[in-house]
Each structure stands twice: as structure tokens, then as C-alpha cells.
Amino acid sequence: ALTAAEWIYHKWNSKNVILIRHPAAFVSSLIRLNWRFNFENFTKQPDLIDRFLGPYRSQINNPPKDFISEASLIWTCITKIIIEYQKLYPNWLYIRHEDLSYDPINEFELLFKRLELSFSNKVKRFIQSTSSHSNPSEVSKKTKVHQLQRDSRKNIKNWKKRLSKDEIKLIRDKTEHLSNKFYLDKDW
């Protein structure tokens with residue numbers, strides 16, 4: 001039998017969901033939105049760097065100037081933290097964005113079940129309407145941050161249309177030491 005504190009910890013701990021996204025898709029989205037990152041957000045957190053990002057300290061202190069390398073470094077830092085969290089919080093749910101996008105109804109139903117949430121018909125209809133193959137696969141405006149109604153399955157590979165082969169190779173070269181924990185050769 002669990003103590004009250006253990007029960008609360010178990011319930012709280014099992015409700016955290018971490019979403020992992022393909023590095024090229026992540027970089028492509030940042031480029032599409034022209035979102036840059038101020039690495040002072042990391043350097044002002046020495047405990048974060050000491051605890052999780054030590055291997056990237058030099059790059060964080062002297063960030064790359066080109067957009068692709070910068071975005072790849074952000075993805076690498078975030079993913080390094082996720083990998084460490086997997087060790088620290090094994091009861092959390094770690095889900096790839098692409099898995100949700102490929103089979104939204106079934107994957108969300110499983111997620112709702114694991115989170116002990118009701119997967120109502122209303123929820124199902126919302127997921128269907130926002131991920132249907134009848135929706136556009138790409139955002140209508142390049143700078144639009146949120147366009148919820150998209151063909152989620154086709155959206156998975158939009159980065160292949162947005163990025164050149166050289167850009168994809170650069171992203172893979174910079175992230176593969178971590179991306180290979182979540183993505184196979186076929187995912188590139």
C-alpha cells in the first residue's frame with residue numbers, strides 16, 4: 001500500500017508529458033517563424049548548465065551565428081535535458097510529436113487513458129477536425145504561429161520541403177549524437 005505522499009507523488013509524476021520533435025522539423029519551424037534564441041537564457045542559469053548542459057558550455061557561451069547551427073544547438077540542449085529527465089523521471093510520458101501526428105486518434109486515446117482523462121466524443125471530433133487529411137498540410141501564412149487545422153500526417157515531413165539537402169545534412173550532423181535516441185535513419 002502506498003502512503004499518501006507516495007500516492008500524490010505517483011499521481012503527479014505520471015501526469016507529466018514531454019513532447020519530442022524531430023530536429024529538422026524543429027529547426028524548420030524556427031526558420032519559418034524567424035525565431036532566434038538568446039543564449040543568455042542558458043548562461044544566466046549556471047546550475048542548468050552544470051547539471052545538464054556541461055558538454056555544450058563552450059557553444060552556449062559562444063553561440064553559432066548561422067540560423068541552422070543556432071537552432072540545432074537549441075534542439076540539442078533541450079533534448080539533452082529530456083534525456084536526463086528520462087533517467088530522473090521514468091514515470092513521465094515521453095512522446096514523439098510525429099507519433100501523435102501520424103495516428104492522432106489512436107495515439108491521443110492512449111495518451112488520455114494513461115493520463116486518466118476522459119476521451120469523449122467531443123475530444124475525438126476536435127482531434128479529427130484539427131488533424132484530418134482534408135486540412136492543408138502547410139500553414140497558410142509563413143509567419144502564422146498557430147494554425148491548428150492541418151493534415152497532421154503530411155505535416156510530419158514539411159521540413160523536407162522547407163529545407164535544402166545541405167541544411168538537412170548539417171542539422172543531422174549537429175544533432176545525431178542525441179537524435180539517434182529517438183529517430184532512425186528512415187526518419188531522415
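None of the values given here were measured: they were computed from a predicted structure. If you read the sequence from its start, that first residue is 1, and numbering goes on from there.
Distance alone, capped at 3.5 Å, places no donor-acceptor pair between the Asn34 side chain and the Ile31 backbone. Within the 3.5 Å criterion, the main-chain N or O of Phe126 finds a donor-acceptor partner in the side chain of Ser129. With hydrogens and angles disregarded, no donor-acceptor distance shorter than 3.5 Å links the side chain of Gln45 to the backbone of Phe42.
Rounding to the nearest 0.5 angstrom, the gap separating the CZ atom in Arg172 from the CH2 atom in Trp188 is 6.5 Å. Atom CD1 of Ile18 and atom CG of Leu93 lie 9.0 Å apart (nearest 0.5 Å). Atom CZ of Arg114 and atom CG of Leu110 lie 8.5 Å apart (nearest 0.5 Å). How far OG1 of Thr130 is from CD of Gln128: 9.5 Å, rounded to the nearest 0.5 Å. We find the CG-CD1 distance between Leu100 and Ile105 to be 11.0 Å, quoted to the nearest 0.5 Å. Note that CD of Gln86 is 10.0 Å distant from OG1 of Thr79, once rounded to the nearest 0.5 Å.
Counting only heavy atoms from C-beta outward, the side chains of Asn16 and Asn91 never approach each other to under 4.5 Å. Here the side chains of Asp185 and Asn180 are not in contact, with every heavy-atom distance at 4.5 Å or above. No side-chain heavy atom of Val123 sits less than 4.5 Å from a side-chain heavy atom of Phe108. Two residues are said to be in side-chain contact when any heavy atoms from C-beta on lie closer than 4.5 Å; Lys80 and Leu178 meet this criterion. The side-chain heavy atoms of Val27 and Ile68, taken from C-beta on, include a pair separated by under 4.5 Å. Looking only at side-chain heavy atoms (C-beta outward), Ser69 and Leu170 come within less than 4.5 Å of each other. Residues Ile74 and Trp35 are not in side-chain contact: their nearest non-hydrogen atoms beyond the backbone lie 4.5 Å or more apart. Looking at heavy atoms from C-beta onward, Phe39 lies in side-chain contact with Leu73 at the 4.5 angstrom threshold.
Within the structure, side chain to side chain donor-acceptor pair (under 3.5 Å) pairs that include any residue of residues 51-62 comprise Asp50-Arg57, Tyr56-His177 (at least two apart or interchain).
A donor-acceptor contact under 3.5 angstrom links the side chains of Tyr183 and Glu98, judged on distance only. If you check the side chains of Ser120 and Arg125, you find no donor sitting under 3.5 Å from an acceptor. No side-chain donor from either of Lys124 and Asn121 sits under 3.5 Å from a side-chain acceptor of the other. No hydrogens or angles considered: a donor-acceptor pair under 3.5 Å links the side chains of Asn106 and Asp103.
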side-chain contact (heavy atoms from CB on, under 4.5 Å) assessment of Lys160 paired with Ser28: CA-CA 9 Å; Lys160 287 190 173 198; Ser28 171; over 6 Å; no

Candidate pair Thr76 and Lys174, rule side-chain contact (heavy atoms from CB on, under 4.5 Å), full reasoning: CA-CA 8 Å; Thr76 298; Lys174 292 190 169 295; 5.6 Å; no

side-chain contact (heavy atoms from CB on, under 4.5 Å) between His22 and Phe182, worked out: CA-CA 8 Å; His22 192 284; Phe182 302 103; over 6 Å; no

From CA spacing to verdict: side-chain contact (heavy atoms from CB on, under 4.5 Å), Ile20, Ile95: CA-CA 6 Å; Ile20 299 132; Ile95 301 170; over 6 Å; no

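Salt bridge annotation for Arg36-Glu70: present, with a cationic side-chain nitrogen under 4.0 angstrom from a carboxylate oxygen. Ion pairing of Asp166 with Lys169 is absent here, as no side-chain N (NZ or NE/NH1/NH2) approaches a carboxylate O to less than 4.0 Å. Using a cut-off of 4.0 Å between Lys/Arg side-chain N and Asp/Glu carboxylate O, Arg96 and Asp187 are scored as salt-bridged.
Under a cut-off of 6.0 angstrom, the local environment of OH in Tyr102 is sparse, with at most 12 non-hydrogen atoms contributed by other residues, nucleotides or ligands. Counted within 6.0 Å of NZ on Lys113, heavy atoms from surrounding residues, nucleotides or ligands total 12 or fewer; the atom is thus considered open.
Note on Leu88 and Ile78: same hydrophobic cluster, where clusters join Ile, Leu, Val, Met, Phe, Trp and Tyr whose side-chain heavy atoms are under 4.5 Å apart, directly or indirectly.
Using cut-offs of 30° and 60° on the angle between ring planes, the pair Tyr85 and Phe52 is perpendicular. Between Trp92 and Tyr89, the ring planes lie parallel to each other; the angle is under 30°, not in the 30° to 60° tilted range.
Nearest heavy-atom pair, Ile127 versus Pro104, reported as atom, atom and distance to 0.1 Å: CG2-CB, 3.7 Å. The two residues Cys77 and Ile60 make their nearest non-hydrogen contact at SG-CD1, 3.9 Å. Nearest heavy-atom pair across Leu30 and Ala71 is CD1-CB, 3.7 Å. Residues Ser118 and Phe112 share a closest heavy-atom pair of O-CD2, 3.3 Å.
His97 is linked by a ring pair (Phe, Tyr, Trp, His ring centres under 6.0 Å) to nothing, counting only residues two or more places apart in sequence or in another chain.
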